Novice: 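Here it is: the structure, laid out below.
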Amino acid sequence: MLTITLPDGSTRTYEQSTLTGADIAQSIGRRLAADAIGVLIDGQLHDLTYPITHDAKVAIVTAKTDDPNAMYLLRHSTAHVMAEAITDLFPDVKLAYGPPVEGGFYYDMESATPITEADFPRIEKRMAEIAKENRPFTRYELPQNDAMAALERQGNPYKLDNARRAIEQDPHAVISFYATGEPGKNWEDLCRGPHLPSTGRIGAFKVTSVAGAYWHGDASKQQLQRVYGIAFFSQAQLDEYVHQQEEAKKRDHRVLGKQLELFTISPLVGSGLILWMPRGGVIRQELETFMREQLALRGYSAVYTPHIGHIDLYKTSGHYPYYKDSQFPTIKMSQRDPDDQSEYLLKPMNCPHHIQIYAAHPRSYRDLPIRLAEFGTVYRFEQSGELSGMTRVRGFTQDDAHLFCTPEQVEQELVSTLDMVLLVLKTLGFQDYQCRVSLRDPASDKYAGDPQLWDRAENTLRRIVAGSGIKSVEAVGEAAFYGPKLDFLVRDVIGRQWQLGTVQLDYVLPERFGLEYIGSDNQPHRPVMIHRAPFGSMERFTGILIEHFAGAFPAWLAPVQASVLTISEKFLDYGREVLSALQAAGIRADMDTASDKIGAKIRRSRELKTPYMLIVGGKEQENRAVSVRTRKDRDLGSVPLDEFIRRLREEITSRSVQSLMID
RNA sequence: GCCGAUGUAGCUCAACGGCAGAGCAACGGUUUUGUAAACCGUAGGUUGUGGGUUCGAAUCCCACCAUCGGCUCCA
């Protein structure tokens, strides 16, 4: 007899000694039995037919899009169906690994003939046939020896390796296979499961893309083909997904950057090198002004350093050996003078330069903390395949600063620095970000410095984050080589995660450069460094910001804050008067002087996402007013010109994310 | 860097071995307009670059450059 506890806390007893999720669903109701696709047994996801042999907490999983377990079953099962379809069409493929992932699933495989997008329709057609056949996913298990022997016979090195790794990890691992239909008769695959009851439960799917991927993510290993797909329980959900993807594409900063004339990239200048156009320049300048205000309020000193540095500087800092391959090649002075063996590097970071400013003369404990800030432009030779719009580039400007302080001051400086990062995110209305506490990987030897200092630094960061109350995740192996850090991550419109602001704690570089200050005991001491950049890179931050606002920037950032649209050329004189008044008040304004009708002017202004359209005609001229329309199509009616200017100025100076004029 | 795809007018796209086109933008003219595209016209191109195949190449092949989707990397 078995006692089963259901999610609502109720219990049911069953006479059988073994039981399945399907039995339980059936006993609860016919409807649930029909909807059931899997089962959680004591929190573990299993097939509906998995035998339950002891008392357990059981939850029936049904085909719901918002249930991650349901989506796991669906996508994992669809990956199998896709793999079967591909093996039918490309008999030479050797399957490797096919998991569900966030936003879909993929299957890695080795294939002599490349699979391309042109093959997707017939793959999908074959998948549809398999789904229509409604074959059950049938699990069977083999003793390890038999399983390995079976895999040997199949001659697939990847599957063999998968099984071997599973056994290595857990000597008692159960080796299971899933047949899509009947074992021995239909297609089958080494697989841990679980799966949907049958292929007919797959509602709608799409093969989305194909790409190269390394076996076990190791670039030195064989490259496989990775075919990506997506699946939903219904066609309507798939249609919705496709629609969302299309909408997301319109928000892509590369699309909007072109459309709104914010930035451009010229192959003649070079890949990954951003040219800020006037409209984008406004945004950057406003962000920098905002930051400079904060620096002044928080006791920072502005410094300026050159774009190149002697290579020995980076050998001393330790950057050079670590990042040799991702730097622009060195400038060899021997090309000019054979006797001069020195080399210069386009600077990949600002800290060594700032360190030299600190080291320029002796420091007293009374001088600390010293906070050196610079919008410093750095150059890194990113791999060609990695470049992406403004978010991954080869030249970018960090809103960088380095804080030199006593060990006692570290905590206070970190708190204040973290506050600054959070202020930036708050001011720009970012809510959907992640704070990652990036720690060292104790198993790796890439980290410099004393492990005790590392422990201390990591614990300090943990304490600061805990004290701030922000949500965070720890990530082992994500630290810089010189210290642990707090990274603030956001996603772009196509789901890629990017690091924006960062706060890094560093005991290593002061050591390497032999930095000192004289303490109250009249003895030399070693300062501690904090590296911090609330925006991170101006390029990346702006790119993400474009997507965050979908190009509709708040007034304080908008390239043009208000556009004067005249009803006809008869009102050009009044339009010019309005324009001058706006400009005299420090508002970025322009005027559409075309002979088009007002509808066309509104349309153009909307496309540029200008916050306010000021429509002026006879009525407005008479009352020295403007008719205000927002880019969101709110008609605020006629507003006296002076009042509009006053209200817009308030919106701008308060750096409001929202329009203050929508009542 | 690796795998795959894609490069045609400022932008979005068509032509897919046989005369390189459209819409928008630009420019000129007409219109003088009241809240998401007035009308007519003009101009705009060595089809990313360089080779090759062919009577003939935007179209087929090769190399390079760039972009896109992934992988790897990311101080």
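All values derive from a computational prediction rather than experimental measurement. Protein chains get the first letters and strands the later ones, always in sequence-line order, with residue 1 at the start of each.
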Novice: Contact class for A:Glu569 (heavy atom, under 4.0 Å): base, sugar-phosphate, or nothing?
Specialist: base
Novice: Counting the atoms with a prime plus P, OP1 and OP2 as sugar-phosphate, which does A:Gly217 contact under 4.0 Å by heavy atoms, base, sugar-phosphate, or nothing?
Specialist: sugar-phosphate
Novice: Please indicate yes or no: is the ring centre of A:Tyr323 less than 5.5 Å from the centre of the six-membered base ring of B:A75, with the two planes inclined by under 30 degrees?
Specialist: yes
Novice: By the 4.0 Å heavy-atom rule, please label A:Glu110 as base, sugar-phosphate, or nothing.
Specialist: nothing
Novice: A:Arg629 side chain N/O closer than 4.0 Å to the phosphate oxygens (OP1, OP2) of B:A36?
Specialist: yes
Novice: How would you label the contact of A:Tyr214 with the nucleic acid (heavy atoms, under 4.0 Å): base, sugar-phosphate, or nothing?
Specialist: base
Novice: Under 4.0 Å between a side-chain N or O of A:Arg496 and OP1 or OP2 of B:C68?
Specialist: no
Novice: Please assess A:Asp252 against A:Lys249 for the test salt bridge (Lys or Arg N to Asp or Glu O under 4.0 Å), listing each intermediate value before the final yes or no.
Specialist: CA-CA 5 Å; A:Asp252 191 314; A:Lys249 221 176 153 187; over 6 Å; no
Novice: Would you tell me if any nitrogen or oxygen in the side chain of A:Lys570 comes within less than 4.0 Å of OP1 or OP2 on B:U33?
Specialist: yes
Novice: So A:Arg392, base contact, sugar-phosphate only, or nothing? Heavy-atom distance under 4.0 Å.
Specialist: base
Novice: Checking side-chain polar atoms at under 3.5 Å, does A:Tyr482 have a donor or acceptor matched by the opposite partner on A:Ser317?
Specialist: no
Novice: OP1 or OP2 of B:C3 sitting under 4.0 Å from any side-chain N/O of A:Arg226?
Specialist: no
Novice: Using a 4.0 Å heavy-atom cut-off across all strands, classify A:Asp596 as base, sugar-phosphate, or nothing.
Specialist: base
Novice: Are any of A:Ser271's side-chain N or O atoms less than 4.0 Å away from OP1 or OP2 of B:U67?
Specialist: yes
Novice: State whether A:Ser595 places a side-chain N or O below 4.0 Å from either non-bridging phosphate oxygen (OP1 or OP2) of B:U32.
Specialist: no
Novice: What integer distance in Å separates A:Arg394:CZ from B:A75:P?
Specialist: 17 Å
Novice: Contact class for A:Gln504 vs. all strands (heavy atom < 4.0 Å): base, sugar-phosphate, or nothing?
Specialist: sugar-phosphate
Novice: Angle class for the A:Phe328/A:Tyr379 ring planes (parallel below 30°, perpendicular above 60°, tilted otherwise)?
Specialist: perpendicular
